[in-house]
Protein chains: 2
Amino acid sequence: MKKRLMARSVDTRERLLNAAESLLAERGIEATSMRAITSLARVNLAAVNYHFGSKEGLIVAVYARRLGPVNKERLALLAAAEGAGAKPVLNDVLRSYVAPVMHLIHDASRGGEVFMRLLGRSLYEPGDYLGQLFRDEVEPVLNTFTAALHRCLPQLSSEELFWRMHFGGGALAYTLAQIHRLEMLSKGACDPKDVEGVISRLVDFVAAGMQTGGQQVRTKKK
Amino acid sequence: MKKRLMARSVDTRERLLNAAESLLAERGIEATSMRAITSLARVNLAAVNYHFGSKEGLIVAVYARRLGPVNKERLALLAAAEGAGAKPVLNDVLRSYVAPVMHLIHDASRGGEVFMRLLGRSLYEPGDYLGQLFRDEVEPVLNTFTAALHRCLPQLSSEELFWRMHFGGGALAYTLAQIHRLEMLSKGACDPKDVEGVISRLVDFVAAGMQTGGQQVRTKKK
DNA sequence: CGCTTTTTCATACGCTTGTTTGATAGTATG
DNA sequence: CATACTATCAAACAAGCGTATGAAAAAGCG
């Protein structure tokens, strides 16, 4: 209906999204003020409320802009991996989920890297801000991958599969959130710029964890 | 030197620590105001600055109170596991690190459960608040466990070990942070109250990931 | 051009934030 | 009892917050 008829500056909306994205990734949601955002974006304070209605509206828009493409690519890769007809390979399924979001790091000039960190953090604190966005955007994708993983690991119960996906998700989220600090934390031992290497290591780690027979005796206590 | 000579009420300090702990776990640091804390603790607003100097002082005290005992127990369990003299078993080492912090959940009446969640979140955003505390309290423990793990997995390079510890740490942190929501997220499939079960599953998962041979070709790019 | 719509801007509003103050009450110690 | 120290309290502080307003500027369009 009503839409952009022109662009007064180089698009205030984009500038706001980019500025918000990087500040949110660095400081978190609550610690990032609209004045900090608008000042970094070199834009008037009122622009946020004009373009996005509220601070919350801006934040949701930051996520929505990136999440859609990533999830589309995930599903495309999964379809390709399963399209072979044969039983899908676990590593390929995991890689389909991991690679698209990891590749955001290449997108540094366009802010993808910074969003990667933001996304990693958000998985830990899905406040009320993002409830609906997550239900609409990520839950369907997660369900699709759950089914695919269950096809790779038919011997696992739903409960067991859920736990292992949870652990794997934690490893992924932590990596997304911390990758920019890893070189420092490891005292130079790790090279996070080797993205393909990181993806392979993570996928191998999670695949092994998912396939383990374990030595546990699972006596579920009532 | 100077210390508590009496306790006017039932110890304002404890009440503040408990109130802060639960609010921080629920809402995060920035979103928790001192007025919310003092009101929950039924204590005067100025008490925070009197007893802890500042909001930051209170927060650091919240962590310090729990972190010390947990890390002591970790080291004790590790010593017991390695004391056998023989080469330590990977699962035992991992369990020594995981079990003490997971057992905080039993401590619900004394706020341990709520701290568990707070700790999980904090691992994602170690802001400047906790820098020194982490350097003093957790880094030495982490180094001890790194050495023990390297003894279990001598075939791994330092780099490879670091990556796998990182992934495992992510799985742990995520579990700590989300355990109170897991029953809901899994639509009832998971029972997070079976703490020993959760520990076993997590330890098995991480142990498998750490031991994987992988099928990767690691051509580190310059 | 003139008219309308979209966008920018400076400014201000009401509210909450963490911290400080100075008075007051309680307890210990000489 | 008197003195000193510890603790609590109500009130106020400046600063920052997200949001709203109304006018000015820019752009589309006949």
Side-chain angles (χ1 to χ4, degrees), chain A residues 1-24 26-63 65 118 125 127-131, chain B residues 1-63 118 125 127-131:
Chain A
M1 304 307 101
K2 62 113 172 199
K3 258 308 71 135
R4 221 98 14 82
L5 298 183
M6 42 127 229
R8 169 97 68 120
S9 82
V10 215
D11 213 359
T12 303
R13 294 176 59 98
E14 290 301 315
R15 299 246 297 282
L16 276 173
L17 288 171
N18 293 336
E21 190 169 56
S22 70
L23 289 178
L24 291 175
E26 272 173 40
R27 315 182 186 176
I29 291 181
E30 300 289 344
T32 303
S33 72
M34 294 184 37
R35 282 168 177 82
I37 296 172
T38 52
S39 150
L40 178 61
R42 307 178 135 276
V43 148
N44 187 273
L45 172 61
V48 172
N49 289 281
Y50 176 76
H51 284 285
F52 300 97
S54 65
K55 181 185 182 183
E56 175 167 349
L58 169 60
I59 292 173
V60 171
V62 165
Y63 284 85
R65 177 174 64 155
L118 174 59
E125 33 179 336
D128 305 334
Y129 275 84
L130 305 169
Chain B
M1 303 298 100
K2 62 110 172 205
K3 259 307 72 139
R4 222 101 10 86
L5 301 182
M6 43 127 232
R8 172 96 70 118
S9 84
V10 217
D11 214 359
T12 303
R13 294 175 59 98
E14 290 303 313
R15 300 246 298 281
L16 276 172
L17 288 171
N18 293 335
E21 190 169 57
S22 70
L23 288 178
L24 291 175
E26 273 173 39
R27 315 182 187 175
I29 292 181
E30 300 290 346
T32 303
S33 72
M34 295 185 34
R35 281 167 178 84
I37 295 171
T38 52
S39 150
L40 177 61
R42 305 176 135 277
V43 146
N44 187 273
L45 171 61
V48 172
N49 290 280
Y50 176 75
H51 285 285
F52 300 97
S54 64
K55 180 186 182 183
E56 174 167 348
L58 170 60
I59 292 172
V60 171
V62 165
Y63 284 85
L118 174 58
E125 34 179 334
D128 304 334
Y129 276 84
L130 304 169

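Here the structure is a predicted model, which is why all the values come from computation and not from measurement. Chain letters run A, B, ... following the sequence lines, proteins first, then strands; residues in each count from 1.
Taking the side chain as every heavy atom from C-beta outward, Asn18(A) and Arg65(A) approach each other to under 4.5 Å. Looking only at side-chain heavy atoms (C-beta outward), Val60(A) and Phe52(A) stay at 4.5 Å or farther from each other. Considering only heavy atoms from C-beta on, Thr32(B) stays 4.5 Å or farther from Ile59(B) through its side chain. Contact of the Thr38(B) side chain with the Asn44(B) side chain is not registered, since no non-hydrogen atoms from C-beta on lie closer than 4.5 Å.
Ion pairing between Glu30(A) and Arg27(B) fails under the 4.0 Å rule for side-chain N and carboxylate O.
In this model, the phosphate group of dT6(C) is not approached by any side-chain N or O of His51(A) to a distance below 4.0 Å at OP1 or OP2. OP1 and OP2 of dT16(C) both lie 4.0 Å or more from every side-chain N or O belonging to Ser33(B). Between dA7(D) and Thr12(B), no contact under 4.0 Å exists linking OP1 or OP2 to a side-chain N or O. Ser54(B) has no side-chain polar atom (N or O) that falls below the 4.0 Å cut-off from OP1 or OP2 of dG18(C).
The CG atom of Asn44(A) sits 14 Å away from the P atom of dG18(D) (whole-angstrom rounding). If you measure from atom CG of Asn49(B) to atom P of dA14(D), you get 17 Å, rounded to the nearest angstrom. Residue Arg15(B) contributes atom CZ, which lies 15 Å from atom P of dA7(D) at whole-angstrom precision. Between the CG atom of Leu23(B) and the P atom of dT17(C) there is a distance of 12 Å, given to the nearest Å. Distance CD (Glu14(A)) to C1' (dT7(C)): 16 Å, rounded to an integer number of Å. Here dC15(C) presents its P atom at 22 Å from CE of Met34(B), a figure rounded to the nearest Å.
Residue Thr32(B) is in sugar-phosphate contact alone, with no base atom involved, counting any heavy-atom pair closer than 4.0 Å across all strands shown. Within 4.0 Å of Ala46(A), counting heavy atoms only, lies at least one base atom of the nucleic acid.
Nearer to the 5' terminus of DNA chain D, by closest-nucleotide assignment, is the contact made by Tyr50(B) (compared with the other of Tyr50(B) and Val48(A)).
Below the 3.5 angstrom threshold, one finds no donor paired with an acceptor across the side chain of Arg35(A) and the base of dG16(D).
Between dG18(C), dT19(D), dT7(C), one nucleotide has an atom nearer to the side chain of Leu45(A) than all others, and that is dT19(D).
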